[in-house]
Amino acid sequence: MLPQGELEHRCVKCFYPRVSKAKFTSGISKQQRRERILFWLAKHHVLPAKSKKGKTSRREHHDLPSVPFEESEPLAYSDPKAHYHIASSTRYFLNMPQWLGRHLDDRVLENFLPRLKDHLLAQILGQEYNGDETEFSAAEQAQVIFVNDRIFCHKVPRINYTTYDLRCKQDSLNPQTHADIMVLSCEAEHPYWYA
C-alpha cells in the first residue's frame, strides 16, 4: 500500500498534461481548485440530479435561471473591443410569466418585470447610468415586449475589461461555480457594488 503523500503526488501528475508548460505550477493549482469546487458542488447537491439515462432532463432544470453545469454551450471567440460576449444559443429559456408565478413568495423577485423593463428601456434609449434606475410609466414599459414571453439563460458570459496597469483582459463568469462579481459603484459611500 502506498502512503497518502505518494497517492497525492500521482493526482498532481495527472493535471500536468492539461496545463501550459510555461506556467505549470499555477495551471496545476487552478485544476486542483476546479476539482475541489466540483467535489463541493456534488457533495452539497448543487449540481442537478441526473435522470435514468444519465442526462439532466429539461423538466428538472426548467425552474433554474441558469444552464445545467454538465451541458455544453459553445461560445465562439469574441471581439476584444466588445464589452461583453454571450452565446447566441436560444436552447435554454424561461417562460417569464410561468417562472415568476412559481416564485410569487420570493422577495428577490418583487417587481422584477417592471424593474427589468425600466432597465432595458434605459439601455435602449442610451441613458447614462448614474446609480439610480430611471422609472418609466406603464405606457412606456408596455412598449417592451418579450417575444414568446421568453428570457434566455446562458452558461458563461465573457467580460472584456481594462486592468489597473491599462492592459486589456478577458474573464468569464460562471454562475454555477463563481457567481460573485464586483463593479465600480456610482455611489459616494462605497466604491464598489457586489453581485
Side-chain angles (χ1 to χ4, degrees), residues 34 36-73 75 83-125 127 129-159 171-195:
R34 287 182 186 136
R36 275 196 312 272
I37 289 168
L38 289 172
F39 280 127
W40 185 90
L41 290 171
K43 179 181 176 186
H44 291 86
H45 307 292
V46 176
L47 297 176
K50 295 197 182 259
S51 66
K52 291 177 184 174
K53 295 179 182 176
K55 293 185 178 178
T56 304
S57 70
R58 280 190 166 196
R59 183 175 296 260
E60 291 168 353
H61 169 265
H62 190 66
D63 209 36
L64 300 174
S66 61
V67 177
F69 187 79
E70 64 277 353
E71 292 290 328
S72 109
E73 185 184 40
L75 186 58
H83 183 63
Y84 64 90
H85 179 70
I86 58 175
S88 58
S89 168
T90 57
R91 182 175 175 193
Y92 300 101
F93 61 88
L94 295 172
N95 180 297
M96 277 207 304
Q98 291 176 3
W99 185 68
L100 290 172
R102 284 192 301 272
H103 297 282
L104 288 174
D105 57 341
D106 191 343
R107 295 198 53 172
V108 173
L109 296 175
E110 280 182 17
N111 299 320
F112 175 78
L113 198 53
R115 290 185 308 173
L116 177 61
K117 288 185 174 188
D118 286 343
H119 176 75
L120 293 173
L121 271 171
Q123 296 300 308
I124 292 168
L125 298 173
Q127 293 184 358
Y129 186 71
N130 63 2
D132 292 323
E133 288 287 341
T134 305
E135 290 188 23
F136 293 93
S137 68
E140 291 171 316
Q141 288 179 351
Q143 294 175 356
V144 177
I145 298 170
F146 295 94
V147 178
N148 296 326
D149 289 327
R150 291 180 176 181
I151 187 167
F152 296 97
C153 306
H154 296 284
K155 191 168 189 174
V156 177
R158 285 192 188 132
I159 309 295
D171 206 352
S172 58
L173 305 173
N174 187 335
Q176 291 282 341
T177 56
H178 300 290
D180 305 319
I181 61 170
M182 181 174 75
V183 295
L184 287 174
S185 168
C186 296
E187 299 170 358
E189 305 92 54
H190 200 280
Y192 301 106
W193 282 331
Y194 303 94

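Please read these numbers as outputs of a predicted model, since none were measured by experiment. In what follows, every heavy atom counts, from backbone to side chain, and hydrogens, waters and symmetry copies are set aside.
With rounding to the nearest 0.5 angstrom, the CZ atom of Phe146 is 4.0 Å from the CG atom of Leu116. Summarising the geometry, atom CZ belonging to Arg102 is positioned 7.5 Å from atom CG belonging to Leu94; distances are rounded to the nearest 0.5 Å. To the nearest 0.5 angstrom, Asp171 atom CG is 11.0 Å from Arg158 atom CZ. Put simply, CD1 on Ile86 and SG on Cys153 are 10.5 Å apart, with the number rounded to the nearest 0.5 Å.
Annotation: side-chain contact (heavy atoms from CB on, under 4.5 Å) contacts of Arg34 (sequence neighbours excluded): Gln31. Here His190 pairs with Tyr192, Tyr194 under the side-chain contact (heavy atoms from CB on, under 4.5 Å) rule; sequence neighbours left out.
Counting only residues at least two apart or in different chains, side chain to side chain donor-acceptor pair (under 3.5 Å) contacts with residues 141-152 comprise Asp118-Gln141.
Counting all heavy atoms, side chain and backbone alike, Phe152 lies closest to His154 at CB-NE2, 4.0 Å. Of all non-hydrogen atoms in Glu110 and Arg115, the two that sit nearest each other are O-NH2, 3.2 Å. Scanning both residues, Pro157 and Leu173, for their nearest heavy atoms gives CD-O, 2.8 Å.
The shortest distance between side-chain heavy atoms of Thr134 and Leu125 does not fall below 4.5 Å. Taking 4.5 Å as the limit, some side-chain heavy atom of Phe112 sits within range of a side-chain heavy atom of Met96.
The local environment of CD in Gln127 is crowded, with over 12 non-hydrogen atoms from other residues, nucleotides or ligands closer than 6.0 Å.
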